[in-house]
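A note on names: the letters A, B, ... follow the listed sequences, proteins ahead of strands, and every chain is numbered from 1. Just so you know, these numbers come straight off a predicted model, no measurement behind them.
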Number of protein chains: 2
Amino acid sequence: MYEQLRTYLNKVTSANISDEEFQFFKEAFSAKKLKKKQYLLHEGAICRYMAFIAKGAMRQYTIDDKGIEHIARFGIEEWWMSDRESLLSLTPSRYNIEALEDCHLLVATNEKLILLREQSPLFVKLGQTLDEKSYIASQKRIDVTISYTAEEKVIYLMENHPQFLHRFPQSMLASYLGLTPETLSRVRKQLLQK
Amino acid sequence: MYEQLRTYLNKVTSANISDEEFQFFKEAFSAKKLKKKQYLLHEGAICRYMAFIAKGAMRQYTIDDKGIEHIARFGIEEWWMSDRESLLSLTPSRYNIEALEDCHLLVATNEKLILLREQSPLFVKLGQTLDEKSYIASQKRIDVTISYTAEEKVIYLMENHPQFLHRFPQSMLASYLGLTPETLSRVRKQLLQK
DNA sequence: AAATCGGCTTGATTTAGATCAAGCAGAAGT
DNA sequence: ACTTCTGCTTGATCTAAATCAAGCCGATTT
């Protein structure tokens, strides 16, 4: 599990982390396994962990007052899952984070992360890179949700996250795009006929 | 203009920046004035600057293939405007950034920002804080655009950005929410009657 | 003061996508 | 092998919001 993290770190930072520096990561993160349908975080609770997905897939979602689920994001291997707002400010989270498959995670508390930032310049750099990227991605997604038609949204998903298409149920993909499962099904059919 | 930046820095970082450290900011940022309707960035161009708004208001928007404008974000005093993706990767931007009022800006090129990060720990910290906050805010906005009705969107705007309501034309507020101006007008009327 | 213009509202109509409802096929459990 | 789920599709209907269209009002121009 730690080896996956190490490979990932080397890849993303285009560096080769020393044993010494990686030792800090080992101290910060502990291994955690979740079976399918288990939760890393429940709505109303305070998010305690930042989790690195070594294996498996997860979703982060809200439930609205009509009881409808809305998927904020998916996570798969080499992605990070957490509610940063809750983790940082210790406020109750609006989100649920659920394992969609059996998962191998590496989790760290906020205290450990603060410590790690002091110990590892690479981790600070990684944090910057990730924050930038996720900010850019979410801007793009706002664009999509505001201005795209159902068909354009589906095309966006196929082009930007093809790996999601066959891994997650259509009903969840629909929710991720802000569509109903019926509409997604119809749009897919139309697109295939073209 | 620099005094506004200094006040802002002290406020956001809850520190009191030294003259010495602030000197690096002065070297990195240069003053730039934009009149209403002038542009900081045009679609297709590479974004050269990160801009701090000392005075005025701006909008960042895209134009879709039907020629319709979609507002990605507004910026007012003490906000930052830029297309980070374009600035960092030197790729052409999808965005236009326009002054909605006469603006006083402090702008820095990416090179200056990199230098500043080496010189000022406070700036690094500021960057982290901002990235976190804007990521959290854009997650919230995705929630809103995916799952809210027109009425709920308008309430969201009134609660989260009341300062926008009387400062920007309704047509732009509508675009920001992913609504038409007509719908926004009707929803406002309904809400006032309650 | 008349004319032009931009921003907002209001009404009539249309439509994309939601909702409601039924049926089907593959996976999982007994 | 036969239920029981669960997820997906398809059809019929409905509705929220878009579109189309006209008119209003205050600001700016001539």
Side-chain angles (χ1 to χ4, degrees), chain A residues 35-38 57 59 61-71 74 98-102 142-158 164-194, chain B residues 35-37 57 59 61 63-71 74 98-102 142-158 164-194:
Chain A
K35 291 218 179 278
K36 187 174 174 172
K37 297 197 179 172
Q38 287 188 320
R59 65 168 176 157
Y61 68 95
T62 54
I63 303 180
D64 71 18
D65 36 17
K66 286 146 214 143
I68 299 170
E69 295 174 356
H70 300 277
I71 293 187
F74 291 109
E98 183 195 8
L100 294 175
E101 304 170 0
D102 293 352
I142 288 171
D143 256 37
V144 169
T145 51
I146 279 191
S147 48
Y148 283 20
T149 61
E151 181 174 328
E152 289 167 336
K153 284 180 183 177
V154 175
I155 293 171
Y156 157 80
L157 184 68
M158 296 191 310
F164 291 173
L165 284 171
H166 296 289
R167 191 155 182 182
F168 304 125
Q170 304 241 33
S171 54
M172 289 187 194
L173 297 174
S175 165
Y176 179 77
L177 294 173
L179 301 174
T180 57
E182 293 96 327
T183 298
L184 178 58
S185 171
R186 281 184 254 261
V187 170
R188 289 182 83 230
K189 195 183 167 193
Q190 274 189 336
L191 287 176
L192 289 175
Q193 281 168 358
K194 284 184 182 169
Chain B
K35 291 216 179 279
K36 188 173 174 172
K37 296 196 179 175
R59 64 168 176 157
Y61 67 96
I63 303 180
D64 71 19
D65 36 16
K66 285 146 215 145
I68 298 172
E69 295 174 358
H70 299 277
I71 293 187
F74 291 110
E98 182 197 9
L100 294 175
E101 305 169 2
D102 293 352
I142 288 171
D143 254 36
V144 170
T145 51
I146 280 189
S147 49
Y148 283 21
T149 62
E151 182 175 327
E152 289 167 335
K153 284 180 182 177
V154 175
I155 292 171
Y156 158 80
L157 184 68
M158 296 193 308
F164 291 174
L165 284 170
H166 295 289
R167 192 156 181 180
F168 304 126
Q170 304 241 32
S171 54
M172 289 187 192
L173 297 175
S175 165
Y176 179 77
L177 294 173
L179 300 174
T180 57
E182 293 95 327
T183 299
L184 178 58
S185 172
R186 280 184 254 262
V187 171
R188 288 182 83 229
K189 196 183 166 191
Q190 276 188 334
L191 287 176
L192 288 174
Q193 281 168 357
K194 286 183 183 170

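Contact between A:S175 and A:I71 at its shortest, heavy atoms only, is OG-N, 2.9 Å. Of all heavy-atom pairs spanning B:Y176 and A:I146, the tightest one is O-CD1, 3.1 Å.
Protein atom CG of A:L179 is 17 Å distant from nucleotide atom C1' of D:dG7, rounded to whole Å. Summarising the geometry, the separation between NE2 on A:H70 and C1' on C:dA18 is reported as 13 Å, rounded to the nearest angstrom. Rounded to a whole Å, the CD1 atom of B:I68 is 13 Å from the C1' atom of D:dC20. To the nearest angstrom, C1' of D:dA17 lies 14 Å from CG of B:L177. A:K153 places its NZ atom 14 Å from the P atom of C:dA16, with the value rounded to the nearest Å. A:H166 has its NE2 atom 17 Å from the C1' atom of C:dG26, to the nearest Å. Spacing between atom CZ of B:F168 and atom C1' of C:dG7 amounts to 16 Å, rounded to whole angstrom units. Rounded to an integer number of Å, the gap from A:K36 NZ to C:dA27 C1' is 11 Å.
For A:K189, counting side-chain heavy atoms from C-beta on, the closest listed nucleotide (C:dG17, D:dT9, D:dT10) is D:dT10. Ranking C:dA21, D:dA21, D:dA18 by closeness to the B:E182 side chain, first place goes to D:dA21. The nucleotide whose nearest atom lies closest to any side-chain atom of B:R188 is, among C:dT19, C:dT9, C:dT10, C:dT9. Distances from the side chain of A:P169 to the nucleotides C:dG17, C:dC8, D:dG7 place D:dG7 closest. Considering only the side chain of A:R186, D:dG11 comes nearest among D:dA18, C:dG17, D:dG11. Here C:dT9 is the nucleotide among D:dC8, C:dT9, C:dT19 with the atom lying nearest to any side-chain atom of B:S185.
Among the protein residues, B:T180 comes within range of the nucleic acid bases, having at least one heavy atom under 4.0 Å from a base atom.
Between the CG atom of B:L177 and the NZ atom of B:K153 there is a distance of 7.0 Å, given to the nearest 0.5 Å. A:T183 contributes atom OG1, which lies 12.5 Å from atom CD of A:E151 (distance to the nearest 0.5 angstrom).
Between B:Q170 and C:dT9, a side-chain N or O to OP1/OP2 separation shorter than 4.0 Å is present.
Screening B:K36, B:K35, B:K37, B:R167 against B:E101 for a salt bridge (Lys or Arg N to Asp or Glu O under 4.0 Å) leaves a single residue, B:R167.
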